[in-house]
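So the structure is just underneath, and the comments pick up after that.
Numbers restart at 1 for each chain; the letters A, B, ... are given by sequence-line order, proteins then strands.
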There are 2 protein chains.
Amino acid sequence: MSRKGVETREKILDAAQAMVLSRGFSGVSVDKVIESLGVTKGAFFHHFKNKQDLATALIVRYAQADMDYFNEALARGERLSNDPLQQLLIFIGLYEELFAGLAEPYPGCLLATYIHEAQLFDEDVENTINNVFLTWRQELLKRLKVIAANYPARRNVDLPSLADEFIILIEGAFLLSKSLRDVKIVPQQLRHYRTYLEMIFLPDV
Amino acid sequence: MSRKGVETREKILDAAQAMVLSRGFSGVSVDKVIESLGVTKGAFFHHFKNKQDLATALIVRYAQADMDYFNEALARGERLSNDPLQQLLIFIGLYEELFAGLAEPYPGCLLATYIHEAQLFDEDVENTINNVFLTWRQELLKRLKVIAANYPARRNVDLPSLADEFIILIEGAFLLSKSLRDVKIVPQQLRHYRTYLEMIFLPDV
DNA sequence: TAAAGAACATACCAAACGGTATGTTCTAGG
DNA sequence: CCTAGAACATACCGTTTGGTATGTTCTTTA
């Protein structure tokens with residue numbers, strides 16, 4: 001694909017994603033997407049064989065970017081400390097920083113948008129979404145187990161669901177943040193998650 | 001409105017809500033709704049002046065039911081204990097029980113579905129949704145303040161966002177629960193919220 | 001019981017929709 | 001420079017969509 005071709009495809013994906021995040025996938029028509037960009041149907045259907053193909057391309061791209069940032073934040077945490085608990089707390093802090101730096105509410109998570117219209121999509125899309133969640137759970141759980149083995153937990157909490165709580169707080173906070181148009185909600189909740197972990201694993205702070 | 005009329009209207013609302021929760025609002029056509037019920041367009045547009053009117057009726061009904069259960073759970077908690085902290089913990093426990101008793105994942109929150117298609121709806125709908133969230137925040141915050149005044153908090157946590165965390169955990173857990181088809185996720189997260197509150201306000205347990 | 005309005009049913013319509021067929025322009029490689 | 005395919009543009013099509021106009025049946029109440 002030529003450079004120009006890649007650019008057009010990305011432009012379509014960018015515009016479509018922004019529209020999907022505010023109207024849902026079936027609330028966005030191909031006509032509206034191309035109209036907003038000044039390109040034609042010929043261009044659109046050259047890059048995507050149909051609207052479903054756009055749906056797949058959007059979620060695959062989003063999931064990949066999501067995982068990339070996740071892995072990078074984990075790696076940065078592990079570079080900044082040698083202590084497993086501190087590594088995780090730093091990781092959370094990095095996300096806190098990320099969302100604290102936004103001027104307006106995060107436009108929304110594409111994974112969440114798709115889940116709310118789940119019946120429109122095929123199994124591939126569903127698996128792409130679930131793979132993100134399962135990877136996050138798995139990677140965080142792995143680290144929580146190491147922490148639990150090294151620190152006397154004040155409470156006997158369930159670790160898999162404690163791992164899930166990270167993504168759950170983010171998704172829930174995105175929602176409330178978007179509805180109330182309050183940018184602070186996401187970092188606030190991440191702060192609570194950090195405090196929770198500290199209270200579990202650092203008894204005397 | 002006659003009894004039959006009310007019944008038909010409710011039937012339409014029920015069917016529409018179930019479909020909206022799995023396909024989003026714009027993914028549901030009036031034709032599909034009436035087809036699933038075996039009623040005609042005449043019936044539909046007799047009860048709703050247009051599709052937007054259906055959207056409003058759906059969210060108003062859902063928000064009302066939501067608030068009703070919320071207030072009932074608060075009242076039950078306050079009947080079951082005289083201690084402000086215990087009252088709140090019981091309240092959370094009641095929600096935990098509610099969702100632990102489900103055979104399959106909760107089909108989804110209509111508020112959340114609408115937020116993901118926010119641009120389709122008018123200001124009234126937006127206010128209906130935000131009023132629910134703000135009422136929950138306000139009512140829970142009121143109780144958290146009483147608790148904080150009576151118990152020495154181990155940490156200096158932010159109370160408004162701690163109130164928000166309840167609805168945020170539920171919304172986030174709904175999402176993950178629906179995507180992974182795991183019924184346990186919602187009660188698990190409510191359990192964490194209870195544990196978090198206990199660790200904050202009950203230092204020596 | 002008669003009248004009036006509620007509660008539907010039937011048939012239809014214009015616009016928007018996803019998609020296709022076909023033609024043109026651009027661009028990279030031999 | 002030539003050519004083949006990528007990268008579009010234009011025009012069109014069948015279906016689905018939300019919505020309406022009009023007619024019929026049921027139900028309540030004076």
Side-chain angles (χ1 to χ4, degrees), chain A residues 1-59 61 113-114 117-122 124-125, chain B residues 1-59 61 113-114 117-122 124-125:
Chain A
M1 190 147 48
S2 72
R3 202 183 70 248
K4 183 86 184 300
V6 174
E7 263 175 35
T8 303
R9 195 186 138 95
E10 287 295 312
K11 252 174 46 181
I12 293 174
L13 286 170
D14 290 343
Q17 178 168 316
M19 296 172 83
V20 168
L21 286 175
S22 60
R23 296 176 222 208
F25 185 77
S26 53
V28 174
S29 66
V30 174
D31 281 351
K32 289 279 172 59
V33 172
I34 64 177
E35 185 198 322
S36 79
L37 292 171
V39 300
T40 62
K41 284 214 161 172
F44 182 90
F45 285 101
H46 171 75
H47 288 287
F48 306 97
K49 73 171 190 241
N50 51 37
K51 204 193 168 191
Q52 280 300 316
D53 189 33
L54 170 70
T56 305
L58 273 176
I59 200 68
R61 190 181 72 144
T113 304
Y114 274 40
E117 299 177 276
Q119 209 144 82
L120 302 175
F121 306 113
D122 59 27
D124 276 4
V125 168
Chain B
M1 188 148 50
S2 73
R3 202 182 70 246
K4 183 87 182 301
V6 175
E7 263 175 35
T8 303
R9 195 187 139 95
E10 287 295 312
K11 252 174 48 182
I12 293 173
L13 286 170
D14 290 343
Q17 177 169 316
M19 296 172 85
V20 169
L21 287 175
S22 60
R23 297 177 224 209
F25 185 76
S26 53
V28 174
S29 67
V30 174
D31 281 351
K32 289 278 172 61
V33 172
I34 63 178
E35 185 198 321
S36 79
L37 292 171
V39 301
T40 63
K41 283 214 161 172
F44 182 91
F45 284 101
H46 171 74
H47 289 286
F48 307 96
K49 74 171 189 239
N50 52 36
K51 205 194 169 191
Q52 280 299 317
D53 189 33
L54 170 70
T56 305
L58 274 176
I59 200 69
R61 190 181 72 144
T113 304
Y114 274 40
E117 299 177 275
Q119 210 142 83
L120 303 176
F121 306 113
D122 58 28
D124 277 1
V125 168

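- Comparing A:K49 and A:G27, the nucleotide of DNA chain C nearest to each residue sits closer to the 5' end for A:G27.
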- Message: Set out, in order, the CA-CA distance, both residues' side-chain angles and the distance that settles side chain to side chain contact (heavy atoms under 4.5 Å, CB included) for A:E10 and A:R61, then state yes or no.
- Response: CA-CA 10 Å; A:E10 287 295 312; A:R61 190 181 72 144; 2.8 Å; yes

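- Applying the 4.0 Å criterion to OP1 and OP2 of C:dC8, one finds that B:H46 has every side-chain N and O outside that range.
- What separates CZ of A:F44 from P of C:dC17 is a distance of 13 Å, to the nearest Å.
- Spacing between atom CD1 of B:I34 and atom P of D:dT16 amounts to 14 Å, rounded to whole angstrom units.
- Of the possible polar contacts, one joining the A:E117 side chain to the A:F25 backbone as a donor-acceptor pair under 3.5 Å is found.
- Within 4.0 Å of B:V33, counting heavy atoms only, lies no atom of the nucleic acid at all.
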- Candidate pair A:D124 and A:T56, rule side chain to side chain contact (heavy atoms under 4.5 Å, CB included), full reasoning: CA-CA 8 Å; A:D124 276 4; A:T56 305; 5.5 Å; no

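- Considering only side-chain atoms of B:K41, the nucleotide from C:dC8, D:dT20, D:dT10 that sits closest is D:dT20.
- Checking the phosphate oxygens (OP1, OP2) of C:dC8, a side-chain nitrogen or oxygen of B:H47 falls inside 4.0 Å.
- If you take CG of B:D31 and P of D:dT20, they are 14 Å apart, rounded to a whole angstrom.
- Listed for the A:D14 side chain is no donor-acceptor partner under 3.5 Å among the backbone atoms of A:Q17.
- A distance-only check finds no donor-acceptor pair linking the side chain of B:K41 to the backbone of B:V30 [under 3.5 Å].
- Rounded to whole angstrom, the span from the CD atom of B:Q52 across to the C1' atom of D:dT17 amounts to 14 Å.
- For the pair B:F45 CZ and C:dA11 P, the computed distance is 18 Å after rounding to whole Å.
- If you take CD of A:E10 and P of D:dC8, they are 13 Å apart, rounded to a whole angstrom.
- For A:K51 against C:dG19, a side-chain-to-base donor-acceptor contact under 3.5 Å is absent.
- Atom CG of B:N50 is separated from atom C1' of C:dA14 by 17 Å (rounded to the nearest Å).
- Rounding to whole angstrom units, CG of residue A:L37 and C1' of D:dA9 are separated by 15 Å.
- Between D:dT17 and B:S29, a contact under 4.0 Å exists linking OP1 or OP2 to a side-chain N or O.
- In this structure, B:T8 does not reach the C:dA7 phosphate: none of its side-chain N or O atoms is under 4.0 Å from OP1 or OP2.
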